[in-house]
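Read the structure below first, then the notes.
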Amino acid sequence: MKKFHLGIDFGTYQSKACVYNFQSLDHEFFRFDNQSYFFPSRVVKKGDGTFGYGDIQSDEIIEEYLYFKMEAAEDEEFHFVSYEDTDKIKQSSFYKFNDHKSYTPEFLSVIYLTYVQLTIKEFYKKKSKVSRAITGGNLLSRLFSRTNSQEDEILFTTKIGIPTEWSQKNNLKRKRKFENILFISEKLQHKYDSILDFENAQSSTLIEHIKEIYELNKEITKEQFKEQLNSMGLSVYPETAAGLAFIINTKQLPKGFYAAMDIGAGTTDVSFFEIVNHTIKYLASESYIIATNNIYKEYKGQINSIQDLSSAQNEVQKILNSTTEDKTLNQSVIKVKNILEKRIYKLFNKRVYYFSRDMVKKYDEQPIIIYGGGSNLPLIFSNPLVIHDNGSPISLTNDRSKLEKIDIKSFSSNINLLPRDESWKPFFSMLVVALGLSYVQHETDAEWFDESKYNSRDGDRKKIVAHPSNEGYYVYDILK
């Protein structure tokens, strides 16, 4: 039996995957059909009633859906911690222009993840068949080959990353929602013999299949749901922990205190943590809906549609690919960078320093490891990051504690990854979350809440919260 573990970084703008092979013990960044390590988080509906995925282009497209992962994860708390006051909350989400028409963001997330997983699984199944065909030509290997049914069995497990918050309640709520999405996606995959069958499925058929899955599973208990997740090898994991997993696994960080910042397209994830015996002990973690898309918005000036956002992104990319310095872009980066640094300052002082005053000395001049697509933008690494100023941000005499910014690429030389051509190397900072998610049993399997260290905003130690949609069932209806 062959076994593979899929680590999927389900992103706001694009998704990445890294696959762990239990037999060869290697991690391989997955190249999609477009020969890219990046697969756009995009679903389209065609005139014939079927869906398309990723970068598909067709004259038959009648509707386009983007940013559904962001909307599936959103809640008012997500806005509040990012923008801090109600007036700004109303202005904060320029994703609202993306009308999902007749479909919920959870439904779109399910069918998108189903397509991504079927693509990866079909690739490795075909690869295994080719390998058997090659070895099958050897007379000796045929004589001694196994004849039982396990010979052709291939097992897949899957882990996806999700953003985290100070609030324990919202963390558990979001964890539960994405476990449901992954659970339904896995059940949906079993209804199709191939990815072609899935692509040819009518939207009405997909909806009927999901209704069937819901009706068959809606009355299972929390314990039964957890058992099913375990038996299917499904799990969700904090993105902040995933991005650091490979560094810890390869023992590249000595004992001490660190921070990390993953700047994606839609969100930025920040964590403060301690390394003890090559294990992560989280002190505080938070995700903000302030990221590279905000830089594009600042640069463009006005964003009224998805097309405007895409246009701004393309303009910025052209500038980055040239040697020309653009003052407007620099100002946009600085503005968003300053907002993020204020949030990091607040996170440290309210959730780390507040509970232990000696953290100022322990963190002074320690690294903050930066990765994600935003780490490739100019000026992100300029100047150290101030996390404490003894109450006087403008004082020139008071001591100021700072974090030294470090690019995660500096840790990439100590690991052995596939493909061998190292074509992934220029994109490494954007692929590390997928890499971390592909570590199944790494030593640093961080708990969602380490009660001895982690201080959540709401302070209690709840292990279960109300249903995300206030229904009476643990598995909920993603079509509503």
Least distance between heavy atoms, [X] atom then [Y] atom:
X	Y	value
V352	A284	CG2-CB, 4.0 Å
I344	Y288	N-OH, 4.5 Å
Y371	G243	OH-CA, 3.5 Å
Y237	A242	CE2-N, 3.7 Å

Can a side-chain donor-acceptor contact be found between [Y] and [X] if the only test is distance below 3.5 angstrom?
X	Y	answer
K159	S235	yes
S423	R31	yes
Y112	S15	yes
T158	Q117	yes

- Should we count CG of D33 as having more than 12 external heavy atoms under 6.0 Å? no
- Flag the pair F68 / Y103 as yes when their ring centroid distance falls below 6.0 Å, and as no otherwise.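 Aromatic pair excluded; centres sit 6.0 Å or further apart.
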Quick one: does any side-chain atom of [X] pair with a main-chain N or O of [Y] as donor and acceptor, under 3.5 Å?
X	Y	result
H5	L437	yes
N349	I387	yes
E239	D269	no
N21	F4	no
T292	G264	yes

- Query: Rounded to the nearest 0.5 Å, what separation is found between the NZ atom of K405 and the CE atom of M261?
  - Reply: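 One finds 6.0 Å between NZ of K405 and CE of M261.
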- Message: Against H388, only a single residue in Y345, Y353, F272 fulfils ring-ring contact (aromatic ring centres under 6.0 Å, His included); can you say which?
- Response: Y353
- Chi angles and distances behind the side chain to side chain contact (heavy atoms under 4.5 Å, CB included) call for Y124, I154: CA-CA 9 Å; Y124 282 97; I154 300 176; 5.8 Å; no
Over 60° means perpendicular and under 30° means parallel, so tell me whether [X] and [Y] are parallel, tilted or perpendicular.
X	Y	value
F29	W424	tilted
Y363	F348	perpendicular
Y53	F51	tilted

- Pair listing, salt bridge (Lys or Arg N to Asp or Glu O under 4.0 Å) test, anchored in residues 319-334, at least two apart: none
- Can you check side chain to side chain contact (heavy atoms under 4.5 Å, CB included) on T157 and K3, steps first, answer last? CA-CA 8 Å; T157 57; K3 186 177 178 181; 4.2 Å; yes
- Salt-bridge present (K337, E298; N to O < 4.0 Å):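 So K337 does not pair with E298 through a salt bridge.
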- Query: Any side-chain heavy atom of I181 within less than 4.5 Å of one from I160?
  - Reply: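 A side-chain contact under 4.5 Å is absent here.
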- Close side-chain approach of M359 and L283, heavy atoms under 4.5 Å: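 Yes - at least one pair of side-chain heavy atoms lies under 4.5 Å apart.
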- Name all residues meeting the side-chain contact (heavy atoms from CB on, under 4.5 Å) criterion together with F123; count only those two or more places apart in sequence or in a different chain, and write none if there are none.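 side-chain contact (heavy atoms from CB on, under 4.5 Å) check on F123 returns F30, K127.
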